[in-house]
2 protein chains.
Amino acid sequence: MDTSPATSDWLRLDQQICFSLNAASRAFGSVYRVILKDLGITYPQYLVMLVLWEHGDLPVKKLGEHLRLDSGTLSPLLKRLETAGLVRRERSARDERSVEVRLTEEGVALRERAERVPRRIAAATGFDVDEISALRARLDELTSALDAAVHTELPAEHRES
Amino acid sequence: MDTSPATSDWLRLDQQICFSLNAASRAFGSVYRVILKDLGITYPQYLVMLVLWEHGDLPVKKLGEHLRLDSGTLSPLLKRLETAGLVRRERSARDERSVEVRLTEEGVALRERAERVPRRIAAATGFDVDEISALRARLDELTSALDAAVHTELPAEHRES
DNA sequence: CACAATTCAATTGCGCACAACTAAATGGCT
DNA sequence: AGCCATTTAGTTGTGCGCAATTGAATTGTG
């Protein structure tokens, strides 16, 4: 058709970036799975703990904003963290819609054991701090561009079956 | 304790790279979700189709090697593609353990409609070809390093509860 | 040939991600 | 005050990813 030379090359290129991204993300998952086994939590649960350690107790909503996750993901995850004794959930007194997620003493205590995790991860990547920063910056650009694309270019064809 | 200066900075840095990776991967997912809606398949299903379009009919095993996925993921996914009429699964005659995944005519035909996808994705990223290649190369390095780490450094503590 | 080890796909079970929906509480508006 | 839109969590349903197990077929070895 009116497309550029080798159309099948495009089908390959495209796979490259997103597939590579995906593969890297899953490879990280494997490493975290092993390292976090000691702590008895999964990687997404670890992310929640990181946010709570950094910002203190937060309502589910705020937690979701930090992590780009909604209640459909967070509700069951937080329930598991509560079962594990790391977190408590209490309906806010001043706004009954909101649920405050609070660290228990065990949750706070876990931080100490978690502090060795980042270095082990960094070691596993074999990248130095600057390389990691550069890559991270690039990925964040990408994410921004993609987010923008979802909300601008694409809704053009919102109307269909 | 005996750790370096700002321990909590490490807890942040670490989140950066993997979280950024994760976020980018999910952002891609959103874009693909919208673009692939026309084709009636998900992104992982699209990846399977890409491999089949490029390499022709393949046993599940080979498919898994290309995609780094095992039968636990592929079996149900392929069943859905079969239900959608894009693929057939037939036990190999020469090795009854193996299942050949074959494109149906519809599966082959879908390729034409898929050929516009990569350009739309590329446009959504806002990156040019060189930038994408560079990033991809970096991510593949990272994946290799992480894979190696899982199989060398970590099995040291294979023995536990 | 017989038997053990390996290979391959499928299944089960768990957790995450996300869309769509529900239910309750809140805030704004008349 | 009364009503309605919005906000906030939770629930349901679907699909992916992975560990662990199962069962059948194949290969290797004595």
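Chain naming here is simple, since letters A, B, ... match the order of the sequence lines and numbering starts at 1 in each. Heavy-atom basis, side chains included; hydrogens, waters and symmetry copies ignored.
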(request) Look at the side chain of A/S71 against the base of D/dG10 and say whether a donor-acceptor pair falls under 3.5 Å; ignore hydrogens and angles. (result) yes
(request) Could you pick out which residue, A/E96 or A/T42, lies toward the 5' side of DNA chain C when each is mapped onto its nearest nucleotide? (result) A/T42
(message) Nearest heavy atom decides the nucleotide; on that basis, is A/E65 or A/R33 closer to the 5' end of DNA chain D?
(response) A/E65
(message) Does a side-chain N or O of A/R68 approach OP1 or OP2 of C/dA17 to a distance below 4.0 Å, or not?
(response) no
(message) Rounded to whole Å, please give me the gap between NZ in A/K37 and C1' in D/dA20.
(response) 12 Å
(message) Salt bridge or not between B/R91 and B/E100? Use side-chain N to carboxylate O under 4.0 Å.
(response) no
(request) Let me know the distance between CG of A/L74 and P of D/dT7, rounded to the nearest Å. (result) 19 Å
(message) Output the rounded distance in Å from CG (B/L81) to P (C/dA10).
(response) 13 Å
(request) Give a yes or no on whether a salt bridge exists between B/D147 and B/R68, defined as a side-chain N under 4.0 angstrom from a carboxylate O. (result) yes
(message) Heavy atoms from C-beta onward define the side chain here; which of D/dC18, C/dA10, C/dA17 lies closest to that of A/T73?
(response) C/dA17
(request) Let me know the distance between CG of B/D70 and C1' of C/dA9, rounded to the nearest Å. (result) 10 Å
(request) Check every atom of C/dA9, D/dA19, D/dG17 against the side chain of B/V60 and return the nucleotide holding the closest atom. (result) C/dA9
(request) Starting from P on D/dC18, measure out to CZ on A/F28 and report it in whole angstrom. (result) 15 Å
(request) Just compare D/dT8, C/dA19, D/dG15 and give me whichever is closest to any side-chain atom of B/Q45. (result) D/dG15
(message) Which nucleotide wins on minimum distance to the side chain of B/R97, given the candidates C/dC8, D/dA19, C/dA10?
(response) C/dC8
(request) Output yes when B/R89 and B/D57 qualify as a salt bridge under the 4.0 Å nitrogen-oxygen rule, no when they do not. (result) no
(message) For a quick check of understanding: with a heavy-atom distance under 4.0 Å over all strands, which category does B/S98 fall into, base, sugar-phosphate or nothing?
(response) sugar-phosphate
(request) Rounded to the nearest angstrom, tell me the gap between atom CD in B/E90 and atom C1' in C/dA9. (result) 16 Å
(message) I'd like to know if B/R113 pairs up with B/E115 as an ion pair, taking the criterion as any Lys NZ or Arg NE/NH1/NH2 lying under 4.0 Å from an Asp or Glu carboxylate oxygen.
(response) no
(message) Using the rule side chain to side chain contact (heavy atoms under 4.5 Å, CB included), only one of B/L69, B/I41, B/L81 pairs with B/V48; which is it?
(response) B/L81
(request) Output the single nucleotide from C/dA9, C/dC18, D/dA25 whose closest atom is nearest the side chain of B/D95. (result) D/dA25
(message) Distance criterion of 3.5 Å, no angle test: do you see the side chain of A/S75 paired donor-to-acceptor with the base of D/dA9?
(response) no
(request) Between A/P76 and A/R94, name the one whose nearest nucleotide on DNA chain C is closer to the 5' end. (result) A/P76
(request) Provide, to the nearest angstrom, the distance between the CZ atom belonging to A/R91 and the P atom belonging to D/dT8. (result) 12 Å
(request) Assign A/K62 to base, sugar-phosphate, or nothing according to its heavy-atom contacts below 4.0 angstrom with the strands shown. (result) nothing
(message) Nearest whole Å is fine: how far is D/dG17 C1' from B/L78 CG?
(response) 14 Å
(request) Taking only the side-chain heavy atoms of B/K79 (C-beta and beyond), determine which of C/dC18, C/dA10, C/dT11 contains the nearest atom. (result) C/dT11
(message) Between the side chains of A/E82 and A/K79, is the shortest nitrogen-to-carboxylate-oxygen separation below 4.0 Å, so that they form an ion pair?
(response) no
